[in-house]
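Please read the structure below before turning to the comments.
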Amino acid sequence: MNRYIVKTKKQPGIDEGALKRKKQSVQKFHDLKTGVKITSQKQLICEENIRKVDGVDHDTSELKKTAELIDPYSSYLYKNLDLAFPSVRTDNLQWRKISKDNLDLDYTLLFPRNVANALVQVFEKELDYFTGTLAKVKIFGKWHDIPRKQATYGDPGLTYKYSGIKTPARPWPQPLEAVRELVCKVTGHKYNFVLVNRYKDGSDKMGEHKDDEKDLDAQTPIASVSLGQPRDFYFRHQDARPPKKLNIDKVQLQLQHGSLLLMNPPTNQYWYHALPPRKSAPGIRINLTFRKIIQN
DNA sequence: AACATAACAGTCGT
DNA sequence: TACGACTGTTATGT
């Protein structure tokens, strides 16, 4: 399996020694708390896509504090993007391209940590998730509870259908609208819909699937914003699933707090993706997948 | 009418 | 032991 680990940009003015010591103490704390020892990450290198190893930061303990500092509820902040996200620089993003056998991904850190922290807090308060029938899916003829929480927001009248459920789009809450505008600005695409997936801990998950719904605009990449707990995410070529016709390695990467992943066409025609359970990843993850839906 | 399945359960290896 | 990787579903929609 190819594991792509994307190194975050070094920030100016940071004492690397202090950072290293902090990472060691965070890991020690994690080991104590979970009883699970994180061994050093094995670095597997794919010839055309060399990534550098970075420490994995699972520490989300500062979320509450920074959210209060930012005061995300001041409504004026959301009237102008530059005010809403004062530290979000969109002109200097460090994009990483991952491409192989019709897989085409672009990955970057989008939100500075403090803004990403605030967004987690805001969305935990503002978003409502489906219950009842809309919280179930039908697979292989059987109904199951979705092993995570979902919500959909979008322009008036839009619906999104998959796996036996048809979800109506709610109107955009202000902070979600602000993120949409930022994602549109960064990507140059006009997204009119978002599917929100909330993973309460490492046992929440999403199985392998393709985003190949008929009412998705095939030209527009799906833009996935990750907030909270970093989680592994993998892609698997359709012909590498049983019965195995081709030997194509999975591509796995870790979606970081505040990151943006673009799944460019034709990725979704050939590759499945999944968010497997990770029992040692204790925190909440909120994922926003922005899409362009073709109006019927 | 093929064909795929956003889920789980069971097995196996570490 | 628990977790992760891997299989095989199964009866409906499309």
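Every chain is numbered from 1, with letters handed out A, B, ... down the list of sequences.
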Fill in the blank from the handout: In Watson-Crick or G-U wobble terms, with both distances under 3.5 Å, the base opposite B:dA1 is none
Exercise for the section: Among B:dA7, C:dT7, B:dT5, find the nucleotide with the atom closest to the side chain of A:V137. Expected result: B:dA7
Exercise for the section: Please determine if a side-chain N or O atom of A:K205 lies less than 4.0 Å away from the OP1 or OP2 oxygen of C:dC3. Expected result: no
Handout entry: Between C:dG4 (C1') and A:Y234 (OH): distance, integer Å
Key = 11 Å
Exercise for the section: Measure from NZ or CZ of A:R231 to the centre of the six-membered ring of A:Y199 and say whether it is under 6.0 Å with the direction within 45° of the ring axis. Expected result: yes
Would you list the atom pairs, donor with acceptor, under 3.5 Å between side chains in residues 145-152 of chain A and any protein atom, with sequence neighbours excluded?
{"unit_1": "A:D145", "atom_1": "OD1", "unit_2": "A:K136", "atom_2": "NZ", "d": "2.6"}
{"unit_1": "A:R148", "atom_1": "NE", "unit_2": "A:N197", "atom_2": "OD1", "d": "2.8"}
{"unit_1": "A:R148", "atom_1": "NH1", "unit_2": "A:K205", "atom_2": "O", "d": "3.0"}
{"unit_1": "A:Q150", "atom_1": "OE1", "unit_2": "A:Y162", "atom_2": "OH", "d": "2.4"}
{"unit_1": "A:Q150", "atom_1": "NE2", "unit_2": "A:Y162", "atom_2": "OH", "d": "2.7"}
{"unit_1": "A:Q150", "atom_1": "NE2", "unit_2": "A:N197", "atom_2": "OD1", "d": "2.8"}
{"unit_1": "A:T152", "atom_1": "OG1", "unit_2": "A:P168", "atom_2": "O", "d": "2.8"}

Exercise for the section: May I ask you to establish whether A:R180 and A:F290 are in a cation-pi arrangement, using a distance under 6.0 Å from NZ or CZ to the six-membered ring centre and at most 45° from the ring axis? Expected result: no
Exercise for the section: Report which part of the nucleic acid A:E208 touches: base, sugar-phosphate, or nothing (heavy-atom distance under 4.0 Å, all strands). Expected result: sugar-phosphate
Fill in the blank from the handout: Separation of B:dA4 atom P from A:D211 atom CG, nearest Å, is 17 Å
Handout entry: A:C184 side chain near A:H189 side chain, heavy-atom distance below 4.5 Å
Key = no
Exercise for the section: Have a look at A:P276 and say if it touches a base, only the backbone sugar-phosphate, or nothing, with a 4.0 Å heavy-atom cut-off. Expected result: nothing
Fill in the blank from the handout: Ordered by number, residues from residues 192-202 of chain A within less than 4.0 Å of DNA chain B (heavy atoms) are none
Fill in the blank from the handout: In whole angstroms, the gap separating P of C:dA5 from CZ of A:R236 amounts to 11 Å
Problem - Atom pair distance, as rounded to whole Å: NE2 in A:H273 and P in B:dA7 - result: 11 Å
Problem - A:K250 NZ/CZ over A:Y234 ring centroid, <6.0 Å and within 45° of normal - result: yes
Practice task
Please state whether the phosphate of C:dA5, meaning OP1 or OP2, lies under 4.0 angstrom from any side-chain nitrogen or oxygen of A:R278.
Solution key: yes
Handout entry: Separation of B:dC8 P from A:M206 CE (nearest whole Å)
Key = 12 Å
Exercise for the section: Under a 3.5 Å limit for both distances, which nucleotide forms a Watson-Crick or G-U wobble pair with C:dT10, could you say? Expected result: none
Completion exercise
A:K244 atom NZ is separated from C:dC6 atom P, nearest whole Å, by 7 Å
Handout entry: Pairwise side-chain contact, A:I286 with A:L288, heavy-atom cut-off 4.5 Å (strictly under)
Key = yes
Completion exercise
Whole-Å distance, A:L275 CG to C:dA5 C1', equals 16 Å
Problem - Side chain to side chain, A:E126 and A:L176, heavy atoms closer than 4.5 Å - result: no
Practice task
Establish, for the pair A:R236 and A:W271, whether the NZ or CZ atom is under 6.0 angstrom from the six-membered ring centre and no further than 45 degrees off its axis.
Solution key: no
Exercise for the section: Spell out protein contact along nucleotides 8-14 of chain C as letters: B when the base is contacted, S when just the sugar-phosphate is, - when no protein heavy atom is under 4.0 Å; keep the 5' to 3' order. Expected result: -BBBSSS
Exercise for the section: Taking the side chain as every heavy atom from C-beta outward, state whether A:L110 and A:L93 have any atom pair closer than 4.5 Å. Expected result: yes
Exercise for the section: Using whole Å, report how far CZ of A:R231 lies from C1' of C:dC3. Expected result: 13 Å
